[in-house]
Chemist: 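I have a structure I would like to understand better, so I am pasting it below and will then ask my questions one at a time.
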Amino acid sequence: MLVYSVKQALSGAGVEGQELTVRGWVRTRRDSKAGLSFVHVGDGSCFAPIQVVAEQSLPNYQSEVLRLGPGCSVICTGKLVRSQGKGQSFEIQASRVEVTGFVDDPETYPIQPKAHTMEFLREVAHLRPRTNTFGAVSRVRHCIAQAIHRFFHEQGFFWVNTPIITASDCEGAGQMFRVSTLDLANLARGADGKIDFQQDFFGKEAFLTVSGQLAVEAYCLALSKVYTFGPTFRAENSNTPRHLAEFWMVEPEIAFADLHDDADLAEAFLKYVFRAVLDEREDDMKFFVERVDKGAIERLEKFVDAAFARVDYGQAVKLLEQSGKKFEFPVAWGMDLQTEHERFLTEQHFKCPVVVMNYPEQIKAFYMRLNDDERTVAAMDVLAPGIGEIIGGSQREERLDVLDRRMAAHELSPASYQWYRDLRRYGTVPHAGFGLGLERLVVYVCGLSNIRDAIPYPRTPGNAEF
RNA sequence: UCCAGCUUAGCUCAGUCGGUAGAGCAGGCGGCUGUUAACCGCCGGGUCCCUGGUUCGAGUCCAGGAGCUGGAGCCA
């Protein structure tokens, strides 16, 4: 017997009138006393379930088919026919319905054919992929991840797998999770009474990575166009709809490139990914428009058609000051832009995605290239309507003397950065890159309101269930 | 970490002035129907988040705690 996915069966391609088998989980069952039941079966291959028409004449109709409800797993075989009813193109006229798993206690099975709150579904993260919403989010997330790899591959980038465990605590992007095999109840201590990390697994302190950027820069200065794409960890006690302790980050890095090349890359990248979602996941996006966020598709369509605006940080501050708008937080040169400022620029002033460039050096990281004015660095934020910052990037400081000065100003010891400094000693070139959180992109594309719904099992302060 | 709000049936929620618990959905039973989150009738279902206090009496008022959510900070 030919086994088809629900997606293949619903397309009807070349198999109309033939016997085939689909396998999946029951969404709903409706009975007709005329002697048949309609069982909607989904297998996650696409948004829609397929309707299986089960007649009374099936040997297990009374004993099993009538006990089917949401969550039961089934293997259904039958002829694929055009539906007599409305609402679906094809359906399966079942000749056999094999139940592989009933639901223990249907009354307490959490996934019911009704609207659940996202908060409740987070408590049942192992069952929420069976809902319309999380099935759709999962497929869109996959589509985005594949589009990211495809975009870079087509542009001649190489995917570099930078380490998850890092023994340098100098990535400089926030609080880190410690990785250790020391016995916490009986810590090894040196003569000075401090913990003796020489006895730890790596012979020194080790942490989970907060960014692959510094490591990928080394590969950039050999392979020219590279990117990292992997899990990233931040031990910050941030409890917001935008933060996770474990998330996936994309960080491209290009050699012989300046900030404008970086902005060009970011624009082409985002448009490619959004177009892929519009092309490949129309079914899921239509659902988001219906039930999650009316503007989900329109937002992406506008985005891929818009030319990004580019504005200097200094100009942006002036625009905000002259806007006449009352902001909750004041605007002044030297301060970072708040979300409300970013949203004003992109939603009300420019009405399109905006790249803000050249921020004051004191509010940005040490590795960003100092501009000729000596007070700004070649940093950029890509702001998107409806969310604010979506990408942050910069041209990197390629001049060793300037880098050393910047490190001293940030009170970083050159000794811990020898290998990073080497990249400026041996054949340095201008280079640039940016960072993008995958989950934030998923939130933006799907119109979700909490990042915990953009990853299968969210890790946040006080929560590492499942 | 700071500020605010919320916590009542498996789920979503209502509960008036402090007087002893309700609806819809889900589940069970019956009816009806090529049905579309079907519909109609009946039934079962409660640690009102926890601890303590005020009161003749607390889901309701007060204090402390927990969890969740939103905003801020930090950031992707």
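Just so it is clear, the values below take in all heavy atoms, side chains as well, and ignore hydrogens, waters and symmetry mates. Letters A, B, ... mirror the listed sequences (proteins, then strands); counts begin at 1.
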Chemist: Please confirm whether A:F152 and A:F229 have ring centers closer than 6.0 angstrom.
Modeler: no
Chemist: Could you state the CD-C1' distance from A:E251 to B:rC75, rounded to the nearest angstrom?
Modeler: 13 Å
Chemist: Applying a 3.5 Å limit to both distances, which nucleotide forms a Watson-Crick or G-U wobble pair with B:rC61?
Modeler: B:rG53
Chemist: Could you check which nucleotide pairs with B:rC39 in any of the strands shown, counting Watson-Crick or G-U wobble with both distances under 3.5 Å?
Modeler: B:rG31
Chemist: So, applying salt bridge (charged side-chain N to carboxylate O under 4.0 Å, His left out) with A:E439, which one of A:R242, A:R141, A:R452 is it?
Modeler: A:R141
Chemist: Could you measure between the two P atoms, the one in B:rA63 and the one in B:rG44, and give it in whole Å?
Modeler: 40 Å
Chemist: Can you measure A:K114 atom NZ to B:rG27 atom P for me and round it to whole angstrom units?
Modeler: 11 Å
Chemist: Quote, to the nearest angstrom, the P distance that separates B:rC49 from B:rU8.
Modeler: 6 Å
Chemist: Under a 3.5 Å limit for both distances, which nucleotide forms a Watson-Crick or G-U wobble pair with B:rA26, could you say?
Modeler: none
Chemist: From the set B:rG27, B:rA72, B:rG34, return the single nucleotide nearest to any side-chain atom of A:P70.
Modeler: B:rG27
Chemist: Between B:rG34, B:rG10, B:rA72, which one does the side chain of A:T108 approach most closely?
Modeler: B:rG10
Chemist: Can you check the distance between B:rA21 and B:rC48, where both ends of the measurement are the C1' atom (answer in whole Å)?
Modeler: 8 Å
Chemist: Using the P atom as the reference point in each nucleotide, state the distance between B:rU20 and B:rA58 in Å, no decimals.
Modeler: 12 Å
Chemist: Say you pick atom P in B:rG45 and the same atom in B:rA23; how far apart are they, in whole Å?
Modeler: 13 Å
Chemist: Looking at A:R122, does any N or O in its side chain come under 4.0 Å of the phosphate oxygens OP1/OP2 on B:rU69?
Modeler: yes
Chemist: Using the side-chain heavy atoms of A:Q112, tell me which of these nucleotides is nearest: B:rU33, B:rA26, B:rC74.
Modeler: B:rA26
Chemist: Could you tell me whether A:D283 and A:R139 have a side-chain N and a carboxylate O separated by less than 4.0 Å?
Modeler: no
Chemist: Under the 3.5 Å rule, do the base of B:rG34 and the side chain of A:E91 count as making a donor-acceptor pair?
Modeler: yes
Chemist: Around atom NZ of A:K225, are there more than 12 heavy atoms of other residues, nucleotides or ligands at under 6.0 Å?
Modeler: yes
Chemist: So, does the side chain of A:S238 form a donor-acceptor pair with the base of B:rC75 at under 3.5 Å?
Modeler: no
Chemist: Say we look at B:rU16 and B:rU35: how far apart would their C1' atoms be, to the nearest angstrom?
Modeler: 43 Å
Chemist: Can you find a donor-acceptor N/O pair under 3.5 angstrom joining the side chain of A:Q88 to the base of B:rU35?
Modeler: yes
Chemist: Consider the side chain of A:N450, meaning its heavy atoms from C-beta on, and name the nucleotide among B:rA72, B:rU69, B:rG34 that approaches it most closely.
Modeler: B:rU69
Chemist: Considering only atom P, compute the distance from B:rC11 to B:rG27 and round it to an integer number of Å.
Modeler: 15 Å
Chemist: Determine, step by step, whether A:T376 and A:N371 satisfy the side-chain hydrogen bond (donor to acceptor under 3.5 Å, both in side chains) criterion, reporting the C-alpha distance in whole Å, the side-chain angles of both residues, the deciding distance to 0.1 Å, and the verdict.
Modeler: CA-CA 6 Å; A:T376 61; A:N371 287 323; 2.9 Å; yes
Chemist: Roughly how far apart, to the nearest Å, are B:rG18 and B:rU55 at atom C1'?
Modeler: 9 Å
Chemist: If you only use heavy atoms from C-beta on, which nucleotide in B:rA37, B:rG73, B:rG34 is closest to the side chain of A:R291?
Modeler: B:rA37
Chemist: Thinking salt bridges, do A:D258 and A:R369 make one under a 4.0 Å N-O criterion?
Modeler: no
Chemist: From the list B:rU1, B:rU36, B:rG71, which nucleotide is the closest neighbour of the side chain of A:P241?
Modeler: B:rG71
Chemist: Does any nucleotide pair with B:rA21 by Watson-Crick or G-U wobble geometry, both distances under 3.5 Å, and what is it?
Modeler: none
Chemist: Taking the side chain of A:F329 as heavy atoms from C-beta outward, which of B:rU12, B:rC68, B:rG73 is closest to it?
Modeler: B:rG73
Chemist: Which base sits across from B:rA4 as a Watson-Crick or G-U pair, both distances under 3.5 Å?
Modeler: B:rU69
Chemist: Between B:rG73, B:rU69, B:rU12, which nucleotide gets closest to the side-chain atoms of A:F120?
Modeler: B:rU12
Chemist: Could you check which of B:rC75, B:rA38, B:rU1 has an atom nearest any side-chain atom of A:R30?
Modeler: B:rA38
Chemist: Would the A:F308 and A:F303 ring centres measure less than 6.0 Å apart?
Modeler: yes
Chemist: Among B:rU33, B:rG73, B:rC75, which nucleotide has an atom closest to any side-chain atom of A:T240?
Modeler: B:rG73
Chemist: Taking 4.0 Å as the cut-off, does a side-chain nitrogen or oxygen of A:R452 come that near to OP1 or OP2 on B:rU69?
Modeler: yes
Chemist: Between B:rC11 and A:H116, counting only base atoms on the nucleotide and side-chain atoms on the residue, is there a donor-acceptor pair under 3.5 Å?
Modeler: no
Chemist: If the cut-off is 4.0 Å, is A:Q175 near the phosphate of B:rC75, judged by side-chain N/O to OP1 or OP2?
Modeler: no
Chemist: Scan every strand shown for a Watson-Crick or G-U wobble partner of B:rC74, both distances under 3.5 Å, and answer none if you come up empty.
Modeler: none
